[in-house]
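A quick write-up on the structure given underneath.
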Amino acid sequence: INAASPGDTVRVATGTYTYPRITPAAPDYVDAPIIMKSGVCLEGAGIDQTIITVPGTWGIYMSGVSYATIKSLTVKGSGHLKPGSGGGVSDGGGIFITNSNNVQLESCRLTDNSENNGGGLAVLYSSGVAVSRCLIDRNYARNVGGGVSVGASSVNLTNVTIANNAASYAVGGLYYSSGSAITLKNSILWANLGDRGFFSFSSVQSTVSYSDIGSSADIGESVSGTGNIKANPFFVSITDYNLQSTSPVINAGDPSLFDTDGSRSDMGAYPLLGATTSTTAPTTATTATTTAATTTTASSTATTSTAT
């Protein structure tokens, strides 16, 4: 990334890449080894194929960045609450976006990260942030937003699954505060922990549609909107977020959007393509909730990335 120029794509091969926290230095005193640049795309080989782990600091950090893309990778086991931190806490254990605009996260997974706010992802003072086809699971926040925390930012989330995250204070799933504009569509927020009831921020603009939302632990306000449901999505298991054939979220997304098989869109990150109506009772074990992990083990390093 350091050698990349605007318009470049940095492609990272299959493997697990473990980076240590660096010693902060002037002028910005950022301790993250992976810092995004404007106009650059960071592209992995696929979810759970390319895995980035940075214990003790942000998995990926971006500040003052424009028109950047992160796609097809997993950020795991990162954040200032993980072993190796130099002390202190921040926001966005997996990915932290601040003072940036026109940022895209596509087909990514943020899992087992931990931070003060936004264990998986935090967005502050940013605009035009789009998150699509992403799985955000098993993250932890000591304060709010176990999965995602948004402050004074505009964020569009489409076909996102936010599940099995936890926050010690409130809103284990998606938390957003004053000055934010949130659009949530075709998404699943389920089985997150951290329920202290609904919050109310008068300056928040939120549009929630065609989404499956369980409770106030999943999202920070009482939502209403077109096509929303509250029903067990029937994931394959508590660790596999593909859908069983009897899931009520299949073909329940925005009717103007279509999955790659040509059918009406499903809710969530992983559509069940070619699905037909099933009369078989779904497996009920998927209703169990897991607590987001707060520890991680070191992973082996893999090949270096190449800029193109």
Side-chain angles (χ1 to χ4, degrees), residues 1-19 32-54 58-63 65-78 92-98 100-113 118 120-123 126-137 139 147-148 150 153-162 174 183-188 241-242 257 259-260 265-266 268-271 273 302-308:
I1 295 174
N2 292 340
S5 300
D8 284 349
T9 295
V10 178
R11 293 191 172 91
V12 189
T14 298
T16 296
Y17 300 78
T18 302
Y19 299 94
I34 303 177
I35 301 177
M36 289 294 293
K37 295 169 64 176
S38 293
V40 172
C41 173
L42 178 63
E43 181 177 3
I47 290 178
D48 294 337
Q49 300 299 311
T50 299
I51 302 173
I52 293 173
T53 299
V54 190
W58 304 285
I60 299 175
Y61 174 90
M62 62 177 77
S63 177
V65 170
S66 300
Y67 299 98
T69 300
I70 301 171
K71 62 191 300 184
S72 303
L73 54 76
T74 293
V75 180
K76 180 178 182 179
S78 302
I95 298 177
F96 182 37
I97 302 169
T98 182
S100 298
N101 65 84
N102 296 292
V103 173
Q104 297 185 59
L105 307 181
E106 304 173 9
S107 300
C108 292
R109 183 182 186 186
L110 308 178
T111 185
D112 190 32
N113 304 289
L121 168 68
V123 183
S126 298
S127 62
V129 176
V131 184
S132 61
R133 292 292 179 194
C134 289
L135 168 62
I136 302 172
D137 71 302
N139 301 285
V148 180
V150 178
S153 300
S154 60
V155 180
N156 188 322
L157 302 103
T158 305
N159 284 107
V160 174
T161 296
I162 303 174
L174 168 63
T183 301
L184 180 71
K185 179 185 290 187
N186 279 19
S187 295
I188 301 172
Y241 298 94
N242 286 288
L257 300 177
D259 291 329
T260 56
S265 60
D266 298 346
Y270 300 151
L273 302 178
T303 55
T304 58
S305 58
T306 57
T308 59

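If you're wondering where the values come from, they're calculated on a predicted model, not measured in any experiment. Both backbone and side-chain heavy atoms feed into the values below; hydrogens, waters and symmetry mates do not.
Taking the six-membered ring for Trp and thresholds of 30 and 60 degrees, W58 and Y61 have ring planes inclined between 30 and 60 degrees apart.
Side-chain contact between L73 and V12 is absent, with no heavy atoms from C-beta onward closer than 4.5 Å. In this structure, the side chains of N102 and S66 stay at 4.5 Å or more apart for every pair of heavy atoms. Residues I70 and M62 form a side-chain contact, since some pair of their non-hydrogen atoms from C-beta on lies under 4.5 Å apart. Counting only heavy atoms from C-beta outward, the side chains of D137 and T161 never approach each other to under 4.5 Å. Side chains of Y270 and L135 form a contact here, defined as non-hydrogen atoms less than 4.5 Å apart. You'll find the side chain of I1 stays beyond 4.5 Å of the side chain of I35, heavy atoms only.
Residues passing the side chain to side chain donor-acceptor pair (under 3.5 Å) test with N242, sequence neighbours excluded: D240. Residues satisfying the salt bridge (charged side-chain N to carboxylate O under 4.0 Å, His left out) criterion with K71, sequence neighbours excluded, are E106.
Under a cut-off of 6.0 angstrom, the local environment of OH in Y67 is sparse, with at most 12 non-hydrogen atoms contributed by other residues, nucleotides or ligands.
N159 and S132 share no donor-acceptor pair across their side chains, judged by distance under 3.5 Å alone. Side-chain atoms of T74 and D48 form a donor-acceptor pair, as typed in the model, at a separation below 3.5 Å.
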